[in-house]
Protein chains: 2
Amino acid sequence: MSRASDHAYKTIRTMILQGELSPGTQIREEQLAETCGVSRTPVRDALRRLESQAFIRRSESQRSFVADWSIDDVADAFELRAMLEGRAARRAASRVTDEAMQRLRTCNRRIFEAVSANPADVAGFLEGNREFHAILLELAGSRRLSSLLNALVEQPVVWQTAHHYGRDALLRSHGEHEEILAAFARHDGAWAQAVMEAHIRRAFHAYADAHQGLTTIDMAVGG
Amino acid sequence: MSRASDHAYKTIRTMILQGELSPGTQIREEQLAETCGVSRTPVRDALRRLESQAFIRRSESQRSFVADWSIDDVADAFELRAMLEGRAARRAASRVTDEAMQRLRTCNRRIFEAVSANPADVAGFLEGNREFHAILLELAGSRRLSSLLNALVEQPVVWQTAHHYGRDALLRSHGEHEEILAAFARHDGAWAQAVMEAHIRRAFHAYADAHQGLTTIDMAVGG
DNA sequence: ACTTGCATTATTGTATACAAAAATGCGAAG
DNA sequence: CTTCGCATTTTTGTATACAATAATGCAAGT
């Protein structure tokens with residue numbers, strides 16, 4: 001999007017992701033405008049976008065607050081993501097081309113390299129991961145699915161999860177991508193969907209484990 | 001939302017739904033501002049919302065156009081809706097209360113009355129239908145699912161579909177709601193989900209039949 | 001005649017001032 | 001001591017002017 005608006009969006013989003021704005025904090029447009037060095041107009045645009053992605057919630061009287069995600073909300077988001085991304089994988093399996101397979105393989109190789117680095121290159125892993133899922137979404141060929149998933153994938157929770165991964169978990173993630181590629185090579189949509197769902201659900205439990213003690217969680221059995 | 005912004009939203013949305021703004025038409029903020037009797041600021045807000053619901057698409061250079069939905073887009077939207085609303089039904093089945101059952105029954109009775117009127121009260125049907133699905137979504141207890149579905153349900157396509165229904169189709173719709181209620185009474189989530197998916201998918205084919213001749217469609221087999 | 005570059009026009013993006021609405025704090029009444 | 005009402009302050013909503021950018025058309029050169 002446009003320069004100022006985009007800058008405000010990224011700035012605010014980063015502040016939330018890094019905890020500079022803690023959950024529950026009230027947000028004032030004017031203050032953010034100062035922080036971002038722009039006027040309130042683009043800040044309001046940015047807040048709209050952040051609200052649609054549940055970074056921010058609005059009170060009945062239109063005041064904005066940094067969203068505080070209960071563990072149930074997190075489970076909810078992961079579950080929806082598992083369902084939607086599973087469907088994307090299934091569609092992608094039946095549409096994948098040789099050229100796309102090459103791109104996916106290259107991407108996953110980069111992920112492997114990031115994981116193998118010493119110490120593990122988490123940022124590189126995240127970037128590779130993001131690209132892998134983006135290619136898959138493109139292959140799924142559903143703009144609507146893409147837009148729904150984009151609203152889910154860039155969540156604070158998802159973003160932070162990888163930082164709790166050990167090298168073994170990162171490696172397992174790479175391995176699951178490999179299995180998805182195998183399913184793609186056979187054009188087996190059901191296989192791809194199953195692996196993808198497992199992939200996302202495991203990610204959820206990695207998150208839940210890292211945040212245990214808050215409450216006991218059980219992700220509903222989905223399908 | 002706020003007065004002017006909301007008014008702009010509804011006005012523009014109605015213009016699109018009723019075909020006053022035909023698909024592909026370029027949209028100019030200033031012109032809409034005049035039409036709605038407000039300034040560009042709330043119009044821009046409204047356009048953002050309409051864009052997020054795919055009433056409007058934006059060119060690379062940020063010009064706005066009334067979205068033109070290909071039949072594939074329609075199938076895509078219905079399929080996603082079937083999946084998401086099926087999941088909502090499943091969750092609702094395990095959380096439904098006696099009080100909610102009463103509300104749902106009352107609602108579906110109103111639908112029956114609308115259908116039975118002579119001539120059939122399509123607006124009443126739509127309103128009852130909307131409320132039925134809203135209660136169900138509330139019961140599902142997933143804010144995220146709600147927001148994803150809201151972006152899908154109010155589509156031009158969905159809205160227009162009912163106007164192609166004959167009384168028999170409207171009655172069948174009522175009957176499917178009854179079956180969902182039966183599943184709820186037994187707290188059988190799988191049943192509720194299956195009926196809901198069938199319900200939405202039938203609605204799609206009703207639409208497709210009414211628009212046949214454009215192209216042959218086959219909704220992918222989902223799950 | 002066809003392209004290329006520039007000036008012009010149309011359209012969107014941003015800043016700012018003002019209006020409306022909501023929250024807050026204080027004081028008086030019970 | 002609590003509660004209610006009102007004035008004040010804070011915050012968001014809207015209008016409008018101006019800036020930036022993209023589209024358009026025209027003219028000159030090939």
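Only heavy atoms go into these numbers, but all of them, side chains included; no hydrogens, no water, no symmetry mates.
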Heavy-atom closest pair, residues B/F132 and B/C107: N-SG, 3.5 Å

Distance, rounded to the nearest Å, where A/H7 contributes NE2 and C/dG13 contributes P: 18 Å

Closest to the B/V38 side chain, choosing from D/dA15, C/dA15, C/dC18: D/dA15

From A/T97 atom OG1 to A/Q102 atom CD, the distance as rounded to the nearest 0.5 Å: 9.5 Å

Atom-pair distance (CG on A/D6; P on C/dG13), nearest Å: 12 Å

Distance (rounded to the nearest 0.5 Å) between B/L148 CG and B/L137 CG: 9.5 Å

Residues within residues 28-36 of chain B bordering DNA chain D, heavy-atom distance below 4.0 Å: none

Listed nucleotide nearest any side-chain atom of A/S39, set C/dT12, C/dA15, C/dA21: C/dA15

Report all interatomic pairs (protein N or O, nucleotide N or O of nucleotides 22-24 of chain C) with separations under 3.5 Å.
from, atom 1, to, atom 2, distance (Å)
C/dA22, O3', A/S61, OG, 3.3
C/dA23, OP1, A/S61, OG, 2.7

Candidate nucleotides D/dT12, C/dA21, D/dT21, ranked by approach to the side chain of A/R3 - the nearest: D/dT21

Short side-chain N/O contact from A/Q62 to OP1 or OP2 of C/dA21, under 4.0 Å: no

Taking every non-hydrogen atom, the tightest pair across A/F204 and A/A75: CE1-CA, 3.5 Å

Short side-chain to backbone donor-acceptor contact, B/S22 and B/G19, under 3.5 Å: no

Euclidean distance, B/R95 CZ relative to B/E138 CD, rounded to 0.5 Å: 11.0 Å

Distance-only polar pair, side chains of A/S52 and B/R48, donor-acceptor under 3.5 Å: no

Just the table, please: protein N/O against nucleotides 6-9 of chain C N/O, every pair under 3.5 Å.
none

A/R40, nearest nucleotide to its side chain (from C/dC18, C/dT12, D/dA15): C/dC18

Touch class at under 4.0 angstrom, heavy-atom based, for B/L47 against every strand present: nothing

Spacing between B/I27 atom CD1 and C/dA10 atom C1', to the nearest angstrom: 16 Å

A/S147-A/N150 side chain donor-acceptor pair, cut-off 3.5 Å: no

Closest heavy-atom pair and its distance - B/F125, B/V115: CD1-CG2, 3.8 Å

Distance in Å, A/R81 CZ paired with A/H133 NE2, rounded so as to fall on 0.5 Å steps: 5.5 Å

Value rounded to 0.5 Å, distance of CZ in A/R144 from CG in B/D76: 7.5 Å

Length of the CG-C1' vector between A/D45 and D/dT12, whole Å: 15 Å

